[in-house]
Amino acid sequence: MGNEYGGRLIFGTGAVTGKRDGTDPAREVDASVQWLLQPRGGPQLRGPQNFDRSIRKGIRLAEYEHVLGEDAEQLKEIFPDGVARLWGATPVKKETHAKGTALRGQKVGDEVLFYAEKSFIAKARVLGLFRNPELARAIWGELKDGRTWEHIMALGDISEFRIPAAPILSALKLHKEVRYLTLVRAAERRRQLGLLNELLSGQEPVGGSASGGDRAVPPTKMGREELLRALGTLDADAPGEGYTRYGSLTLLWAIGRLVSGRSRLVPPDVFSREVGPLVLDFGDHSAGVTPEVAFRHMERSRVWEIEGTADEGGGRALAKDIGKAGAAAGLTAETAKLLEQPLTRAEAIGLLCTSYLPDVDQDALLTRVGLAGYASASGAVDADVEDEGSSDESSTGGRRRRVNSTRPERDPRLVEKIKLLYQQKCQICGLQLETRFSHYSEAAHIQGLGVPHEGSDKISNLLCLCPNHHVQFDKLFFFIDEDWNVRRSRDGELIGTLIRHPEHVIDEKCIEYHRGLCGHGRYGPGSD
């Protein structure tokens, strides 16, 4: 079939059209089959929820009849039961981008490998390709810039699993992560097919096929990966957005209690008294979620537990009765233990803020719940301490008060060394800001020295930045990914590549910590 980027993509015909399980032996050994590496996307782009709805459960075509247009007839031919498995990709801004090559080169019969959280998680065969912005907006909405996932794939039955992506990406000589639709040509796929099969051998399918619908049983023991995945899919089973916002505020409040050393489990009246006002100020109180309902609903998450709610018959007490039942709720002991680790805690806070609360004053919110400093890479400056009885009259008539301020101690020699190494040029934009007699730059700590970050004052924890990019780095506007690309935090958009001097060895642990604060830690939001 012809396949031209920028126009309507053509559906397959013959053996492929309507062949939903992708098991045609002739097609499997077809030398022309390619791989399409497709990121599922993270919670910020509702990747887990869209995958569950659009792939596992399927889209009911009857509900979107008004936007199917000329694609209606062929979609109904491929999916005669009226339930379609669809996945989309946004258009590219530059046709020379690798994603543009993938959109132009993909074809019916190719195999899609879905990628998420450093793993390949599923595969399916492409049964049809088409471009329909109206349908995409109706199903998935749109990005802030107006783009939508209009390049749509119609897929056969999904096979779910979880295998590490690193061996395949390394063999393909690709980046450490799949950040956009990537095409692997047929010859290269044939060379690496044995590696895929080897990784798949002995793997138990996760959730069965899309027509099966059962999800994998979660592991009994929670580690860092499972914790962050649970936080990243907080809204997967939530009845509405109000529950999700209530839940994310509750978890931040609970982390604040943990940091301050207060009790992990609290009774309903304490929960209502402390979390209720947070929702009024930062949440969606119009959603009608009461503290009692939220108190109970949070137990859906593996990170939250309720104790003491069994009634006399051995069942669970109703939400309205939890006060009488002597209940207490909070983070599980397992979760609390994981959150004692500074990196995991930073990633968790960044993930919750970025995924569910991007529109609130996060500095004010985090200060309110006892997590001051996590909204900034530099951390919180210790409060000024007033000297009793010391005040002066200024020359302008206003009174001035002497204060002592405590700040982390910095080694000025390291500051000068990093500036000299880069000749005062910004590592983000390359700007060498000229002054009257010299040049100006600033030394930025990657993992802040201040509370709560407690970073080290070493040159491996420093960057040389211009004033503008120093402010943006501290305010978590951008992050540095594992390939040293600089990306915008809100959507993962590429800004550039970090400039690095051969003699400047940057501590990757510090970069990872800052990335976690930005909500793009190891298990944070992906990008399409």
Side-chain angles (χ1 to χ4, degrees), residues 39 41-47 116-118 143-144 175-177 179 224-225 227-229 231-232 234 248 251-252 255 339 341-367 371-380 426-429 444-450 452-455 461-463 465 468-498 506-528:
Q44 190 178 26
L45 295 179
R46 298 188 63 80
E117 299 161 352
K118 298 190 179 299
L143 294 169
K144 291 181 180 179
H175 293 303
K176 295 178 182 178
E177 295 184 341
R179 291 191 166 272
R224 176 185 169 208
E225 177 178 353
L227 168 61
L228 296 173
R229 186 180 296 125
L231 297 180
L234 198 61
S248 54
L251 291 173
L252 288 171
I255 297 171
L339 289 170
Q341 303 168 13
L343 175 58
T344 303
R345 185 164 62 246
E347 287 183 314
I349 294 168
L351 182 58
L352 289 168
C353 288
T354 303
S355 300
Y356 311 115
L357 301 162
D359 54 343
V360 307
D361 184 339
Q362 293 179 5
D363 198 4
L365 168 60
L366 294 176
T367 299
L371 296 172
Y374 280 100
S376 165
S378 57
C426 176
Q427 288 181 250
I428 304 298
C429 63
H445 282 88
I446 303 167
Q447 182 174 345
L449 301 187
H453 309 312
E454 307 294 351
N461 188 31
L462 283 175
L463 296 176
L465 302 177
N468 284 350
H469 282 123
H470 189 178
V471 170
Q472 288 185 323
F473 185 80
D474 275 357
K475 296 297 183 183
L476 312 180
F477 175 77
F478 60 80
F479 67 95
I480 300 165
D481 70 17
E482 292 180 331
D483 296 314
W484 304 102
N485 294 313
V486 182
R487 297 184 179 276
R488 196 165 54 194
S489 294
R490 69 171 175 263
D491 54 12
E493 188 75 21
L494 180 66
I495 295 174
T497 302
L498 185 73
I506 300 174
D507 189 335
E508 294 189 34
K509 289 292 184 184
C510 296
I511 293 289
E512 184 181 13
Y513 185 91
H514 180 271
R515 190 161 57 235
L517 289 176
C518 294
H520 287 264
R522 186 177 177 188
Y523 308 106
S527 57
D528 180 35

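Side chains included, hydrogens not; waters and symmetry mates left out as well; all remaining heavy atoms used.
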**Report entry** Sub-4.5 Å side-chain heavy-atom contact between His445 and Leu462
**Finding:** yes
**Report entry** Residues Thr354, Leu476; criterion side-chain contact (heavy atoms from CB on, under 4.5 Å); working and verdict
**Finding:** CA-CA 11 Å; Thr354 303; Leu476 312 180; over 6 Å; no
Query - Heavy-atom check, side chain of Cys429 versus side chain of Asn468, under 4.5 Å - result: no
Query - Residues Lys118 and Glu482 bridged, charged N to O under 4.0 Å - result: yes
Report task. For the pair Asn461 (side chain) and Gln447 (backbone), establish whether a donor and an acceptor sit closer than 3.5 Å, ignoring hydrogens and angles. Result -> yes
Query raised in the report: Does the side chain of Val486 come within less than 4.5 Å of Leu498's, by heavy atoms?
Result: yes
Query raised in the report: Residues in ring-ring contact (aromatic ring centres under 6.0 Å, His included) with His514, at least two apart?
Result: Phe473
Query raised in the report: Which of these, Arg488, Arg515, Arg179, sits in a salt bridge (Lys or Arg N to Asp or Glu O under 4.0 Å) with Asp481?
Result: Arg179
Report task. Please examine the side chains of Glu508 and Trp484, heavy atoms only from C-beta on, and report whether any two atoms are closer than 4.5 Å. Result -> yes
Report task. Measure the shortest side-chain to side-chain distance between Leu463 and Ile428 over non-hydrogen atoms and say whether it is less than 4.5 angstrom. Result -> no
Report task. Decide yes or no for Leu517 and Ile349: does some side-chain heavy atom of the first lie under 4.5 Å from some side-chain heavy atom of the second? Result -> no
Query raised in the report: What residues form a ring-ring contact (aromatic ring centres under 6.0 Å, His included) with Tyr513, not counting sequence neighbours?
Result: His453
Query raised in the report: Should Leu357 and Leu365 count as side-chain neighbours, where that means a heavy-atom distance under 4.5 Å?
Result: yes
Query - Side chains of Ile506 and Gln427 in contact at under 4.5 Å (non-hydrogen atoms) - result: yes
